[in-house]
Every structure is written in structure tokens, then in C-alpha cells.
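Every number for a ligand or one of its atoms is a count from 1 in the order of the listing.
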Amino acid sequence: MHENFAWWRFGILYQIYPRSFQDSNGDGVGDLRGVIERLPYLRELGVDALWLSPIFPSPMEDFGYDIADYTGIDPVFGSLNDFDALVVAAHDLGLKIVLDLVPNHTSDRHPWFIESRSSRANAKRDWYIWRDPKGEGGPPNNWLSEFGGSTWEFDADTGQYYYHAFLRSQPDLNWRNHDVRRAMHDVMRFWLRRGVDGFRVDVMWHLIKDDLLRDNPPNPDFISGQQPYQQLIPLYSADRPEVHEIVAEMRRVIDEFDDRVLIGEIYLPLDKLVTYYGRDLAGAHLPFNFALISTPWNARTIAKLVGDYEAALPAGAWPNWVLGNHDRQRIASRVGGDQARIAAMLLLTLRGTPTLYYGDEIGMPQVEIRPDQVRDPWEKNVPGLGVGRDGCRTPMQWDSTLYAGFSTAAPWLPLDRNFGADNVAIERHDTGSMLSLYRALIRLRSERPELALGTYKLVSIAEALLVFEREHQDQRSLVALNFGCVSAEFDAAGLHGQILLSTFMDRQGEAIPKRLALRASEGLVVGLLG
Ligand code: NOJ
């Protein structure tokens, strides 16, 4: 059915946070063999590609986003043999594998940085961003780290500062240096040759900084209580024009291989986000669209957001949507149970590639983390502001046994206290569960090409009811989503068809009447005839 479309257009991505998916060796931390064990579940769920957060050797100060070796596997996750076995097993089941590429920074324990900091004359000195103290001393400019404090760390041995956009143990590479580019392209080729189907590029919009290192301007909208990073507008430290050349170069490496994908992690307003498709669409295939993660949850705002995004897309660019990830609050806790079902229906019926975050398909909540359980370095650096990310990284809830079927040992992060009731084993047999809804939505999406590939048209928006239509080669579906807590009606006079799916899983097959009634927080997909 989809032979003319690249897999990353009609497919569904599923993000695995490997520490928390499945532990196979009883150390309380997930691993690659664990992922292999759970591939049949993912096949059954119906997703098409797995994106694994970093699995490379790392001191784990930022849980793998601080890489000490780009071409190995951290022992906590297994070995290169395990990785190769995962690629083969996934491909055998028709699942693609996308890796996390973290090219903006390394760990301070990466041999490149160890060399670079060893002396000003070292050949790798320029692989990182080193600067003299400013004037009387002090950091070269006013830039702030996303994780709190200055971005500059003084190295007493060589008398210069190095730049780090995140932790001080995550020095930024200097992408103005062409040896750095070549080295990273070789890293990409290493994994592409091993069979990976693409990369999700970490903080793509951070890759290159102002050559003059100009001070960032103050943010006039800063409100006290926000995270300190927001005091300045990152005008000179991120989203610089030169970044597009770097992305285009990465894309050329991707294009040396057949059918691979380049995805970018980019937190920017829509008009800037879409520039990452690149001139002539020679940039990222999918600049991640995180707008749903932070938008106020109501019909009008979401309709406007979808319209704005559709309008902003360059001709020929393929859209995408994300509801959650390992850095943001879980959708089930953000919008609540029944609205999380609306969110699922929205994600899987909008035009564009959807990315699911592991556990959202069973409605996993943001788990409360006691202060003594905090592992996230960001929360440790700027406590009390609610930036902690541990709550969305807790172990996958597979069943009701002691450690939820995730491990035979106490997991590295606590389990949700309701895991005994909310887990895969129970939800699989409950025809009304969140898992059953996700499976039904994914199945519907694969059976009805208009839901995956069709055009998007806003039909109406009244109070809390959003209605849109998808159409592909004369096949049409109507999606009606009630964001409100009271029932709503839609004037369906002149339309013929039947309900394909309700978020409550109980109205399949109903013919649509002239006035289509939706219960509070109900979503419907309706197959239209004629
Ligand atoms: C973005 C990643 O998603 C996040 O988890 C990480 O902490 C930062 N990049 C730094 O690598």
C-alpha cells in the first residue's frame, strides 16, 4: 500500500529510553538484550521504528548524553554483539532502528577532550571551544548553561575556559573545525554500515555558536521562579545561520546509504523549526515538532497550532508530531486520563509521522520522585523548579510482579505506585484499555491510508470540539475530538459513514446520524462514504 513512500513518512516511531525498558541481567537497569526480548511486543503494538536514547560508553552523568566513545556500547547496556543481534532481530520483524547521535558535546572523559585539555598546543585543542578569560578575568561572555550556571568552565592548568551548553562534564565540540565534522561523519558511517536506519540528532539547533561569542541579550519576559537559563535570549549561542550547512553535510552522509532518516531534536518556534528541513529540503527529514508537548490543551489552541504548522511547512516537507519524550512531563499526567486518549487519537490521526514515547501507550504517568530518589543532574543543579526528568523515565510497567516485569532487582528509578493495575499484561486483555486504544489506532492508521498519508483539512471548531478531515485518493476520514468535560454535538447532515473508533472503544460500526453526539472527552474517527 505504501510502496511509494519512504518508511519514515508512513511509519510510526517509538522512543525507547534503554535504561528503563527491560533489564535482562538483573542489575536494575535496562539493556539491549532486554529490548530484544520485547521486540514481539513492539511488533504487536504495530510501530515501525525504534529510536534508542544513547547506548554508548558514558560516565552516565547525563545518562548517556555524555559520550566517552561514539563507536562502542556501554557495558551497562551490553556489547556490540548484542547491538548487532538487536539490529538483526528488529529487521527480521520489519522494525527499523534509529540511534541517538549526540554531536554537540562529548563527555569530559572522551579521549578527544582529555587530549584537548592537556595543553594549549595539543592538536585537538581546537576540537572544543576554548577562550581566554575576559578582561580582568572571568568568563568570556554571559552565556548560561541550560542546566544552570555559566556555560564556561575554567581550566586552571591551561588558563582558559571551555564552553559547555549543558553540564560542565559535557564540553561542546567546535563545529567550526572541519576535523570535528569529518570525525563525526565517520561515526555516522560506522553505525550506518552496521545497519542502523538513521539518527535522531541531539540538540541540533545548538551545534554552532556565534563566531564572535557576543553576549546574549536579557529576556524581558523572564519571570522570577523560571529556570535561570531563561534570563537571557539565546540569540548568539544557538540557532545560528551556519548550522544549516552542518545539517546539510550530515544529510549528505545519510544519503550515501539507502533509505535512512535524519531527525533533529529542535526546540524552536515553528517558523524557525521548519528552516531545519534545509534549503531544497536537503536538511533534516524530520525536524522534531514538539509543539504539542507544551501547547495549552484546548481545541482552539491546538487547531491554530496545527494550522500554523501546516502553513509554515516548506513545499514538499513532511510533517511530524511528538507527544512526549524523556525530557518532558508525561502526557497522561499533563492532560489527565480521558484527555490522554484524545491526545493519542490526535497524534495518530494528524498528518505527519508520529513519535510515541515508551509507556505512553499504557498511560504511564509522571511518577513522583522523592528528593532522595533524584537521579537527574538537571534537577540536582537547579532544585525545586520542577525541571526534574526522572518522573518520565521510570521503568516500563510490564506486569504486576514485584518489579513490574522490568527487572529481577530493584530498578534504578522507582516504579509508579499503581503499576500493579496499570501494566501491559493487564491492559492487553482489557478491550477498553489505553493499550487497546493505541493498538486500535495504529491498526486503523495502517488500514486507512488517508490517516497516514492524506491531506489535512480543518472542518470546524466549536467550543471544545475540534473536527478535521483526512483524505487520500478519494478515501476520507473525519476525526472529531471533544477536548471538553461536557458532551458536544457535530452537525453531520449530508455526511454518510460509520464510526471506526471511539476513544472509549465502544461505538465501532455505528452509522453516523445527522447530529453526531460525543460524550465528554470523547474522540471519534469516522469513515466517510461518497
Ligand atoms: C537533549 C536530550 O534530550 C537531553 O536528555 C540531554 O540532557 C541534553 N540534550 C543534553 O545532551
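- Under the side-chain hydrogen bond (donor to acceptor under 3.5 Å, both in side chains) criterion, W8 pairs with no residue, sequence neighbours left out.
- A donor-acceptor contact closer than 3.5 angstrom links the side chains of D132 and Q160.
- Under the side-chain hydrogen bond (donor to acceptor under 3.5 Å, both in side chains) criterion, E256 pairs with R189, sequence neighbours left out.
- Sorted by chain and number, the residues within 4.0 Å of ligand 1 by heavy atom are D62, Y65, H105, F147, F166, Q170, R200, D202, V203, E265, H326, D327, R389, R393.
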Exercise answer: donor-acceptor pairs, residues 263-277 side-chain atoms, under 3.5 Å, sequence neighbours excluded:
residue	atom	partner	partner atom	Å
E265	OE1	R200	NH2	3.4
E265	OE1	V203	N	2.7
E265	OE2	R200	NH2	3.3
Y267	OH	N325	ND2	3.0
T275	OG1	K272	O	2.6
Y276	OH	D239	OD1	2.6
Y277	OH	W318	O	2.6

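- Between the side chains of Y163 and H105, no donor N or O sits under 3.5 Å from an acceptor N or O.
- Between F83 and W191, the ring centre distance stays below 6.0 Å.
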